[in-house]
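Here's the structure we're looking at; comments come further down.
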Amino acid sequence: MTLIKSISGIRGTIGGRTGDTLNPLDIVKFTTAYAIFISKGDSKGKKIVVGRDGRISGPMVRDVVCGTLVGMGFDVLDIGYASTPTTELAVRMSGADGGIIITASHNPRQWNALKLLNSEGEFLTAADGAEVLRLAEQEDFCYAEVDQLGHVTVDNSFDDRHIQSVLDLQLVDAEAIRQARFTVCVDSINSVGGIILPKLLERLGVGYKFLNGDVTGDFAHNPEPLEKNLTGIMDEMKSKRYDLGIVVDPDVDRLAFICEDGKMFGEEYTLVSVADYVLSEMKNISPEKILTTVSNLSSTRALRDVTEKYGGTYSAAAVGEVNVTTKMKEVGAVIGGEGNGGVIYPESHYGRDALVGIALFLTALAKKGCRVSELRKEFPDYQIAKNRIDLTPETDVDAILVKVKEMYASDPTAQVNDIDGVKIDFPDRWVHLRKSNTEPIIRVYSEAATMEAADEIGKKLMQVVYDMQ
């Protein structure tokens with residue numbers, strides 16, 4: 001397995017030969033390069049926050065990362081088990097120069113990764129990430145003298161500080177949630193969601209039952225929060241003892257909901273539903289303001305439809321959280337995110353945050369006084385097919401993308417967008433083909449009014465890839 005280097009971080013499987021996977025030598029190399037990069041910037045005091053999800057390899061990776069940073073003369077604020085958004089906020093709250101999140105997000109248990117943050121607690125830009133990769137390949141490293149070594153400080157207070165920041169958000173109505181007396185079922189995939197989410201729910205007065213709530217890192221099922229992986233909690237929801245099902249990935253930046261009847265709310269509709277609530281409230285607060293939202297090219301059209309319902313404007317960004325946040329800042333978006341269940345709410349911070357999504361969704365549900373299944377019916381109903389094709393060493397992705405563009409170049413009904421792979425927009429459907437930032441695969445996403453129509457156009461492009469492999 002080749003080590004994957006992208007704007008989403010440096011990730012790979014644990015174990016194997018040097019250079020093939022994420023091993024201690026790679027971790028030292030890239031952590032050192034990151035420390036050099038931070039040192040060249042406007043350093044506040046040479047302090048880096050380190051947080052990790054519940055993966056089995058987490059302690060090993062943490063020890064190597066922290067030791068390397070100390071060897072580079074940096075002080076380390078080790079916040080232990082922490083969600084990705086908690087680590088992002090900890091950078092800002094502590095006034096650190098940056099942060100390293102040890103997580104491979106939705107990837108299976110054998111994977112791990114280093115996600116790199118700047119002093120704002122946000123992911124590095126593509127240019128900054130490229131500079132870190134250049135420094136790593138150059139390997140011109142110089143470590144601190146013995147009297148200039150850094151120190152490690154452990155601070156476990158940031159879960160509570162994160163939760164308080166969520167409760168302080170203007171559009172989170174904790175009292176309305178308490179009065180609704182919700183009961184929820186949560187699948188936290190045996191990772192850090194099992195630590196922070198009970199604390200959040202207790203502060204909101206929400207009753208709960210957890211599935212896979214022990215932080216063992218031994219994921220009970222594939223950790224990507226897709227319907228095919230969530231039969232356990234869907235079956236539990238059919239007992240009709242709960243108002244809502246909540247699912248997070250291992251680092252708690254992706255969020256999916258399940259209706260009270262055990263049916264999926266739709267991962268794509270996490271952002272749509274939260275955005276609808278935010279837009280409706282913001283429109284009441286500032287009726288004259290034109291509100292803006294952003295999601296990536298692979299996300300449902302429903303966000304555009306909901307935004308336009310409130311007289312707002314919608315913009316699309318390339319896939320990747322940093323691309324979405326960059327576009328959000330550019331257009332002044334009040335909310336944005338990704339169709340994979342990632343909610344980015346700038347009033348909190350520029351990062352996907354399941355805690356923010358849960359609090360805003362529960363507020364909306366409490367104020368509407370309806371069931372989750374009834375809330376889902378309020379939004380445009382699109383069906384999205386998410387397919388993937390494993391890459392072989394011989395796959396020429398660039399040639400495939402050129403072929404797809406040529407197929408639709410003369411079609412007057414098709415709008416071709418190539419800022420990230422190739423997306424073909426038709427009046428009643430779209431299809432998007434792109435190489436993943438996080439796995440050695442090509443993703444083929446397609447959306448239409450029915451799953452059959454979405455599958456049809458998706459499989460047409462998948463056949464192009466198969467024919468060229």
Is it the case that [X] and [Y] place a side-chain donor and acceptor less than 3.5 Å from each other?
| X | Y | result |
| --- | --- | --- |
| Glu202 | Tyr208 | yes |
| Thr325 | Glu122 | no |
| Thr103 | Asn112 | no |
| Thr84 | Asp253 | no |
| Tyr382 | Asp305 | yes |
| Tyr314 | Ser295 | yes |
| Ser157 | Asp155 | yes |
| Asp187 | His221 | yes |
| Asp168 | Gln164 | yes |
| Asn107 | Arg11 | yes |

Check [X] against [Y] and note the closest heavy-atom contact, atom names and distance.
| X | Y | value |
| --- | --- | --- |
| Ala385 | Asp455 | CB-OD1, 3.5 Å |
| Thr270 | Ser273 | O-OG, 2.9 Å |
| Ser105 | Asp53 | N-OD2, 4.5 Å |
| Asn222 | His106 | OD1-O, 4.5 Å |
| Gly98 | Tyr34 | CA-OH, 3.3 Å |
| Leu279 | Thr307 | CD1-CA, 3.8 Å |

Carboxylate-amine/guanidinium contact [X] [Y], below 4.0 Å:
| X | Y | value |
| --- | --- | --- |
| Asp420 | Arg434 | yes |
| Asp418 | Lys423 | no |
| Glu131 | Arg134 | yes |
| Lys115 | Asp251 | yes |
| Asp390 | Arg388 | yes |
| Arg301 | Asp425 | yes |
| Arg371 | Glu374 | no |
| Glu338 | Arg254 | no |

Taking [X] for the side chain and [Y] for the main chain, is one N or O donor matched with an acceptor at less than 3.5 Å?
| X | Y | answer |
| --- | --- | --- |
| Asp128 | Leu124 | no |
| Glu267 | Ala256 | no |
| Ser188 | Asn212 | yes |
| Asn190 | Phe219 | no |

Atom [atom1] of [X] with >12 non-hydrogen neighbours under 6.0 angstrom:
| X | atom1 | answer |
| --- | --- | --- |
| Ile290 | CD1 | no |
| Lys367 | NZ | yes |
| Glu456 | CD | no |
| Lys459 | NZ | no |
| Arg178 | CZ | yes |
| Lys263 | NZ | no |
| Lys199 | NZ | yes |

Does [X] reach the side chain of [Y], with side-chain heavy atoms less than 4.5 Å apart?
| X | Y | answer |
| --- | --- | --- |
| Trp430 | Ile424 | no |
| Ile258 | Val247 | yes |
| Ser191 | Arg55 | no |
| Ile27 | Ile10 | no |
| Phe37 | Leu135 | yes |
| Leu197 | Phe210 | yes |
| Asp173 | Glu175 | yes |
| Val422 | His432 | no |

Q) Are the aromatic ring centres of Phe265 and Phe361 under 6.0 angstrom apart? A)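 Yes.
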Q) Hey, mind stepping through Tyr345 and Val334 against side-chain contact (heavy atoms from CB on, under 4.5 Å) and telling me if it holds? A) CA-CA 7 Å; Tyr345 187 45; Val334 295; 5.9 Å; no
[atom2] on [Y] to [atom1] on [X], rounded to 0.5 Å:
| X | Y | atom1 | atom2 | answer |
| --- | --- | --- | --- | --- |
| Leu362 | Ile177 | CG | CD1 | 5.0 Å |
| Ile358 | Ile246 | CD1 | CD1 | 4.5 Å |
| Leu303 | Asn296 | CG | CG | 10.5 Å |
| Ser57 | Arg52 | OG | CZ | 9.5 Å |
| Arg203 | Leu167 | CZ | CG | 5.0 Å |
| Leu291 | Ile335 | CG | CD1 | 11.0 Å |

Q: Kindly determine whether Glu321 and Arg352 satisfy salt bridge (charged side-chain N to carboxylate O under 4.0 Å, His left out), including the steps that lead there.
A: CA-CA 8 Å; Glu321 185 172 325; Arg352 296 183 301 187; 3.0 Å; yes
Q: Evaluate the criterion side-chain contact (heavy atoms from CB on, under 4.5 Å) for residue pair Ile384 and Lys386; output intermediate values, then yes/no.
A: CA-CA 6 Å; Ile384 189 165; Lys386 298 184 177 183; 4.2 Å; yes
(Q) One pair to check against side-chain hydrogen bond (donor to acceptor under 3.5 Å, both in side chains): His162 and Asp353. What are the steps and the verdict? (A) CA-CA 10 Å; His162 181 183; Asp353 191 331; 2.9 Å; yes
Q: Could you check Glu260, Met234, Met237 and say which one makes a side-chain contact (heavy atoms from CB on, under 4.5 Å) with Cys185?
A: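 Testing Cys185 for a side-chain contact (heavy atoms from CB on, under 4.5 Å) against Glu260, Met234, Met237 leaves exactly one candidate, Met237.
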Q. How would you list, by chain and number, every residue that makes a ring-ring contact (aromatic ring centres under 6.0 Å, His included) with Tyr310, sequence neighbours excluded?
A.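 In terms of ring-ring contact (aromatic ring centres under 6.0 Å, His included), with neighbours along the sequence ignored, Tyr310 is linked to no residue.
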Q: Go through the structure and list residues passing ring-ring contact (aromatic ring centres under 6.0 Å, His included) with Phe379, not counting sequence neighbours.
A: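 If we apply the ring-ring contact (aromatic ring centres under 6.0 Å, His included) test to Phe379, skipping adjacent residues, there are no hits.
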Q. Think Lys329 forms a cation-pi with Tyr350, using NZ or CZ under 6.0 Å from the six-ring centre and within 45 degrees of its axis?
A.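 Output yes; distance and angle both within limits.
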